[in-house]
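A quick note: this is a predicted structure, and the numbers were derived from the prediction, not measured. So you know, we letter chains A, B, ... as the sequences are listed, proteins then strands, and number each from 1.
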2 protein chains.
Amino acid sequence: MPDTKVPDKKAPVSSLVKALRVLDSFSLEQPEQGVTEIAERLGIHKSTVYNILTTCEAMGYVQQDPHTRRYRLGLHILRLGQVVREGMDLRRVVVPVMERVRDYYREAVHFAVELNGQVVYLETVQPLERSVASLAVGKSAYMHCTGVGKAILAHMSPERMHAVISEQGMAQYTQNTITDLAELEIELEKIRRQGYAVDNMEYEWGIRCIAVPIRNEIGVVHASMSISGPSERLPLEAIAEMAQPLMHFGADISKRFGWLR
Amino acid sequence: MPDTKVPDKKAPVSSLVKALRVLDSFSLEQPEQGVTEIAERLGIHKSTVYNILTTCEAMGYVQQDPHTRRYRLGLHILRLGQVVREGMDLRRVVVPVMERVRDYYREAVHFAVELNGQVVYLETVQPLERSVASLAVGKSAYMHCTGVGKAILAHMSPERMHAVISEQGMAQYTQNTITDLAELEIELEKIRRQGYAVDNMEYEWGIRCIAVPIRNEIGVVHASMSISGPSERLPLEAIAEMAQPLMHFGADISKRFGWLR
DNA sequence: TCATATGTTCAATATCAATGAACAATATCG
DNA sequence: CGATATTGTTCATTGATATTGAACATATGA
């Protein structure tokens with residue numbers, strides 16, 4: 001919910017900032033919103049929000065429910081999302097390796113990057129058997145409670161890491177979720193030392209993940225790959241050993257990332 | 001490419017219209033663009049486009065390649081796309097039926113709607129075996145050469161159908177692609193008569209599809225479901241018979257669409 | 001049925017988005 | 001390798017227009 005942020009860089013067109021903030025205010029928790037609802041949350045005047053929504057509707061970016069008169073995001077955005085995915089060339093580079101990982105572990109494989117203090121899953125490769133831990137591409141999640149998130153957090157500057165946590169908070173999802181900052185810092189230090197992150201049922205009960213950082217051409221970590229599956233198939237005692245091949249696969253992707261910025 | 005359209009409805013915030021047109025100008029064919037390139041295509045001044053892009057970048061909607069200084073759509077849009085998909089509740093309603101279709105035919109199943117004269121694939125269900133006709137959710141395609149497209153076209157008003165074709169053209173993809181309007185009209189009449197549409201390798205050589213229209217609560221067709229697979233598994237002689245169960249599955253979805261607007 | 005809330009319209013004004021010219025940095029060509 | 005064209009970027013000015021508040025219409029709920 002605290003996803004509506006004022007831009008830090010210079011943004012010359014302030015009316016556009018408002019409009020994009022309106023679009024941003026739609027989320028999985030709030031997929032359908034009314035005019036006044038948005039206006040109050042963002043502190044923008046009602047008529048302004050109305051004008052923005054009307055314009056966005058004419059362009060296919062939102063659509064209004066004729067019955068409730070409330071608004072939701074429009075189909076047009078799906079097309080843009082597709083352009084993002086195809087354009088990144090991620091699939092060509094990352095997916096082949098992910099499939100090797102899937103074949104090796106026979107578990108679901110995820111690839112995620114950081115975006116505005118959260119992780120966004122860009123690619124998913126499911127095991128051939130029907131999987132328990134299905135996950136949609138494009139989904140975003142908090143960083144403190146996911147394997148991919150912690151793997152990326154661990155390689156941020158301490159300032160940036162603190163900024164992310166203080167901005168996003170540390171919501172508790174399960175009894176294993178780390179909700180204490182000091183504890184998280186110890187965990188991140190451990191991740192840096194061993195080279196992989198473990199999500200020990202911290203986000204979804206019964207699901208464990210192992211995640212490794214992915215580096216770009218100047219060595220900066222801003223992506224992560226993970227395998228995830230039911231806790232019986234990823235017992236805690238086995239994880240240290242299971243993580244080793246995954247780290248090699250991760251290094252392989254990093255190697256292919258000359259082009260990635 | 002002719003996707004950049006001026007809105008027909010009233011759009012009070014003209015600066016926002018420009019900005020959204022800039023975002024729209026990114027496509028699968030043009031995923032990366034320069035400032036002047038966009039400015040010239042849209043007839044907007046260079047500095048204006050620059051300001052729009054800078055603002056969008058600050059908000060995460062586009063990102064600039066530090067080397068080429070050109071722009072591409074940003075990751076933020078993926079998150080919005082996810083909100084669209086989840087919010088539609090399509091998955092809950094449509095996917096279960098699609099899975100039944102997949103299990104029945106053992107072929108890839110697609111669900112698409114019309115958007116601005118093209119079809120957008122909203123859901124895909126792959127057969128358990130590795131599929132030949134893989135297709136990404138969010139992808140858009142022309143209507144005259146796809147099964148789902150023709151199924152929807154066939155149930156539009158003649159005026160709207162002609163508007164779509166004259167706007168989008170009839171690009172030739174294979175030697176089977178229908179590129180003549182009169183021929184297309186005969187084909188659409190046939191589709192209305194028999195209740196299903198056939199894509200006989202008109203989009204991709206070697207791939208056939210059978211598509212059925214999906215109706216909403218007032219009987220308007222604005223979606224379609226198809227099965228697609230290699231031509232050997234969908235021989236022309238068998239299609240009429242294969243289409244019958246698919247029409248029932250389609251009717252089933254239409255029935256569940258009391259809620260869809 | 002009345003009262004409250006929510007979406008919508010509209011005219012007026014101050015804001016700020018658009019503009020064009022100039023600069024810097026890169027790419028292209030001779 | 002140097003000259004030229006091209007592209008991204010800056011900035012001050014100004015005329016268009018986004019914003020605003022108040023009023024209306026419609027829907028919701030007691």
Using 30° and 60° as the class boundaries, would you call the ring planes of B:His144 and B:Tyr173 parallel, tilted or perpendicular?
tilted

In whole angstroms, how far is the P atom of D:dT26 from the CZ atom of A:Arg69?
9 Å

Looking at A:Tyr50, I'd like to know whether one of its side-chain N or O atoms comes within less than 4.0 Å of OP1 or OP2 on D:dG21.
no

NZ/NE/NH1/NH2 to OD/OE distance under 4.0 Å, A:Arg72 and A:Glu57:
no

Yes or no on side chain to side chain donor-acceptor pair (under 3.5 Å) for A:Tyr71 and A:Gln64, after CA distance, side-chain angles and deciding distance?
CA-CA 4 Å; A:Tyr71 292 84; A:Gln64 185 180 34; 3.3 Å; yes

Mind checking side-chain hydrogen bond (donor to acceptor under 3.5 Å, both in side chains) for A:Ser47 and listing every partner two or more places apart, or none if nothing turns up?
none

At 4.0 Å (heavy atoms only), tell me whether B:Thr54 reaches a base, stays on the sugar-phosphate, or touches nothing.
nothing

Atom CD of B:Glu37 and atom P of D:dG8: how far apart are they, to the nearest Å?
8 Å

If only side-chain N and O atoms count, and only distance matters, is there a donor-acceptor pair under 3.5 Å linking A:Gln30 with A:Ser25?
no

First and last nucleotide of DNA chain C in contact with chain A, 5' to 3', at under 4.0 Å to a heavy atom: what are they?
C:dT6 to C:dA17

What's the CD-P distance between A:Gln64 and D:dA27, to the nearest Å?
12 Å

Please classify the nucleic acid contact of B:Thr48 as base, sugar-phosphate, or nothing, using heavy-atom distances under 4.0 Å.
base

Polar pairs (N or O, both sides) under 3.5 Å between protein and nucleotides 28-30 of chain D?
none

Assuming nearest nucleotide by heavy-atom distance, tell me which of A:Leu16 and B:Gln33 is located more 5' along DNA chain D.
B:Gln33

Answer with yes or no whether the side chains of A:Gln168 and A:Gln118 bring together a donor and an acceptor at under 3.5 Å.
yes

Nearest-nucleotide wise, let me know which of A:Glu40 and A:Val13 is further upstream toward the 5' end of DNA chain C.
A:Glu40

Below 30° counts as parallel, above 60° as perpendicular, anything between as tilted: where do the rings of B:Tyr121 and B:His110 land?
perpendicular

Go through the N and O atoms of the side chain of B:Ser47 and the base of D:dT10, and report whether any donor-acceptor pair is under 3.5 Å.
yes

Is there a side-chain contact between B:Met143 and B:Met161, using heavy atoms and a 4.5 Å cut-off?
no

Whole Å only: how far is the CZ atom of B:Arg41 from the P atom of D:dT7?
13 Å

Interatomic distance, B:Glu57 CD vs D:dG8 P [rounded to whole Å]:
13 Å

Could you tell me how far apart A:Asn51 (CG) and D:dT20 (P) are, to the nearest whole angstrom?
11 Å

Looking at CD of B:Glu32 and CG of B:Leu73, how far apart are the two atoms once the value is rounded to the nearest 0.5 Å?
11.0 Å

Within this structure, what is the CD1-to-C1' distance between A:Ile44 and D:dT19, rounded to whole angstrom?
11 Å

I need the NZ-C1' distance between B:Lys46 and D:dA5, as an integer number of Å.
12 Å

